[in-house]
Amino acid sequence: MVKYGLDYTRCRWILPLLLGIGVIFGIIALAGRGWLESQTLPYVQRASLWQNCRRPDQGGDWSCESLMGYAWGRAAAATYLVGFLLLVICFALAIIAFAIDTLRFNFIRGIGGLLFVAAVFSIMGLVIYPVKFSSEIEMTGINMFSWAYGFGWTTAIMEICLGFFFCCLPNYEDQILGNVKPTYFYSSP
């Protein structure tokens with residue numbers, strides 16, 4: 001990407017595209033019911049960020065309780081949701097930044113800083129949830145934190161990595177804008 005500059009049409013939209021993928025992963029984590037699931041038969045427990053569901057036996061009906069009745073449930077949901085909203089704001093700002101013909105590199109560095117703040121909020125929610133869930137809610141059988149929880153961690157890791165990319169991109173401003181004369185390592189025989 002640095003070799004061809006951001007005007008190179010296939011490379012210009014890679015970072016906003018990766019932010020969009022992070023937003024999709026965040027939506028899956030927020031809406032998914034697989035934050036915690038029973039690992040072995042009979043499957044008697046599953047939980048999302050918002051509720052915990054149990055059933056007494058294999059053929060019974062699921063009974064669900066909201067985790068918003070717990071202070072830690074509200075805290076975990078709120079911090080993860082704030083991190084997700086900051087990620088959506090960064091996505092919108094990245095689309096605006098890369099759509100303008102002349103890039104504002106300080107603006108891009110600000111997006112990187114905001115991504116780090118989003119990662120801190122997301123990680124806080126992802127740490128509060130399992131610690132307090134396993135200590136305050138009785139779990140039956142063998143349980144595991146599952147796919148939706150993994151999507152949450154993937155979103156947080158993407159926020160950190162993309163934060164580094166957005167913060168470091170202005171360091172290569174001259175190469176991106178094509179202001180550096182290329183050097184060739186060829187010598188004639």
Side-chain angles (χ1 to χ4, degrees), residues 13-95 111-167:
W13 295 100
I14 289 176
L15 291 176
L17 175 69
L18 289 172
L19 276 175
I21 292 170
V23 168
I24 291 170
F25 286 175
I27 291 170
I28 292 171
L30 284 169
R33 293 184 178 232
W35 279 57
L36 179 119
E37 293 179 335
S38 298
Q39 186 175 0
T40 58
L41 287 172
Y43 299 114
V44 294
Q45 188 166 11
R46 69 177 179 205
S48 68
L49 181 61
W50 312 103
Q51 64 184 358
N52 178 32
C53 299
R54 295 173 183 244
R55 68 177 172 185
D57 56 5
Q58 184 64 23
D61 292 331
W62 291 96
S63 63
C64 298
E65 69 168 325
S66 175
L67 294 178
M68 297 302 108
Y70 299 96
W72 62 266
R74 291 189 302 270
T79 54
Y80 189 78
L81 195 58
V82 166
F84 175 73
L85 290 176
L86 289 174
L87 176 65
V88 171
I89 290 169
C90 288
F91 176 63
L93 291 175
I95 294 224
I111 294 171
L114 196 58
L115 279 169
F116 285 123
V117 173
V120 167
F121 277 105
S122 296
I123 291 171
M124 282 175 21
L126 290 166
V127 169
I128 291 170
Y129 183 84
V131 169
K132 297 306 279 183
F133 192 98
S134 60
S135 68
E136 292 196 15
I137 293 182
E138 179 185 342
M139 294 189 284
T140 56
I142 299 172
N143 297 293
M144 65 178 176
F145 290 97
S146 191
W147 59 272
Y149 185 68
F151 273 106
W153 273 107
T154 304
T155 302
I157 291 169
M158 286 182 77
E159 289 168 346
I160 293 169
C161 294
L162 288 170
F164 278 115
F165 277 115
F166 275 93
C167 284

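Position 1 is the first residue of the sequence; numbering continues from there.
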> Measure across E159 and A119 and return the closest heavy-atom pair with its distance rounded to 0.1 Å.
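The answer is OE1-CA, 3.0 Å.
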> Are any side-chain N or O atoms of W50 and backbone N or O atoms of L30, one a donor and one an acceptor, separated by less than 3.5 Å?
yes
> Provide the closest heavy-atom pair for P16 versus I95 in the form atom of the first, atom of the second, distance.
CB-CG1, 4.5 Å
> Check whether any side-chain heavy atom of I128 lies under 4.5 Å from a side-chain heavy atom of Y80, and answer yes or no.
no
> Identify the two heavy atoms, one from A47 and one from N52, that lie closest to each other, and give their separation to 0.1 Å.
CB-OD1, 3.8 Å
> For a quick test of reading the model, state the closest non-hydrogen atom pair linking A118 to L86 and the distance between them.
CB-CB, 3.6 Å
> Just so I know, are the side chains of I27 and F84 near enough to count as touching, which here means a heavy-atom distance under 4.5 Å?
yes
> Tell me if a side-chain donor or acceptor on Y129 pairs with a main-chain N or O of S48 at a distance below 3.5 Å.
yes
> When you look at F133 and L67, which way does the side-chain contact (heavy atoms from CB on, under 4.5 Å) test go after all the steps?
CA-CA 9 Å; F133 192 98; L67 294 178; 4.1 Å; yes
> Indicate yes or no for a side-chain donor-acceptor contact from W35 to the backbone of A29 under 3.5 Å, with no hydrogens or angles considered.
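Answer holds: yes.
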> Drop me the distance from I111's CD1 to L114's CG, to the nearest 0.5 angstrom.
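Output value for this atom pair is 8.5 Å.
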> State, to 0.1 Å, how close L19 and L115 come at their nearest heavy-atom pair, and which atoms those are.
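That would be CD2-CD2, 3.7 Å.
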> So does M68 get a backbone contact from the side chain of R74, meaning a donor-acceptor N/O pair under 3.5 Å?
yes
> Output all residues satisfying salt bridge (Lys or Arg N to Asp or Glu O under 4.0 Å) with E136, sequence neighbours left out; order by chain, then residue number.
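Partners of E136 under the salt bridge (Lys or Arg N to Asp or Glu O under 4.0 Å) test: K132.
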> Mind running side-chain contact (heavy atoms from CB on, under 4.5 Å) on I160 and F164 for me, showing each step along the way?
CA-CA 7 Å; I160 293 169; F164 278 115; 3.8 Å; yes
> To the nearest 0.5 angstrom, please state how far the CZ atom of R46 sits from the CG atom of L36.
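Rounded to the nearest 0.5 Å, the CZ-CG separation comes to 12.0 Å.
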> With sequence neighbours excluded, tell me which residues meet disulfide bond (SG atoms under 2.5 Å apart) with C64.
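C64: disulfide bond (SG atoms under 2.5 Å apart) contacts with C53.
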> Decide yes or no for C90 and F166: does some side-chain heavy atom of the first lie under 4.5 Å from some side-chain heavy atom of the second?
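In short, these two side chains do not touch, never coming nearer than 4.5 Å.
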> If you look at every heavy atom in L126 and G152, which pair is closest and at what distance?
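For L126 versus G152, the nearest heavy atoms are CD1-O, 3.4 Å.
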> Within a strict 4.5 Å, meaning less than it, do heavy atoms of the L49 and L81 side chains meet?
no
> Tell me whether the rings of F145 and Y149 are parallel (<30°), tilted (30 to 60°) or perpendicular (>60°).
tilted
> Would the number of heavy atoms belonging to other residues, nucleotides or ligands and lying under 6.0 Å from CZ of F121 be above 12?
no
> For V23, run the side-chain contact (heavy atoms from CB on, under 4.5 Å) check against L18, T155, V88 and tell me which one passes.
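Testing each of L18, T155, V88 against V23, the sole residue satisfying side-chain contact (heavy atoms from CB on, under 4.5 Å) is V88.
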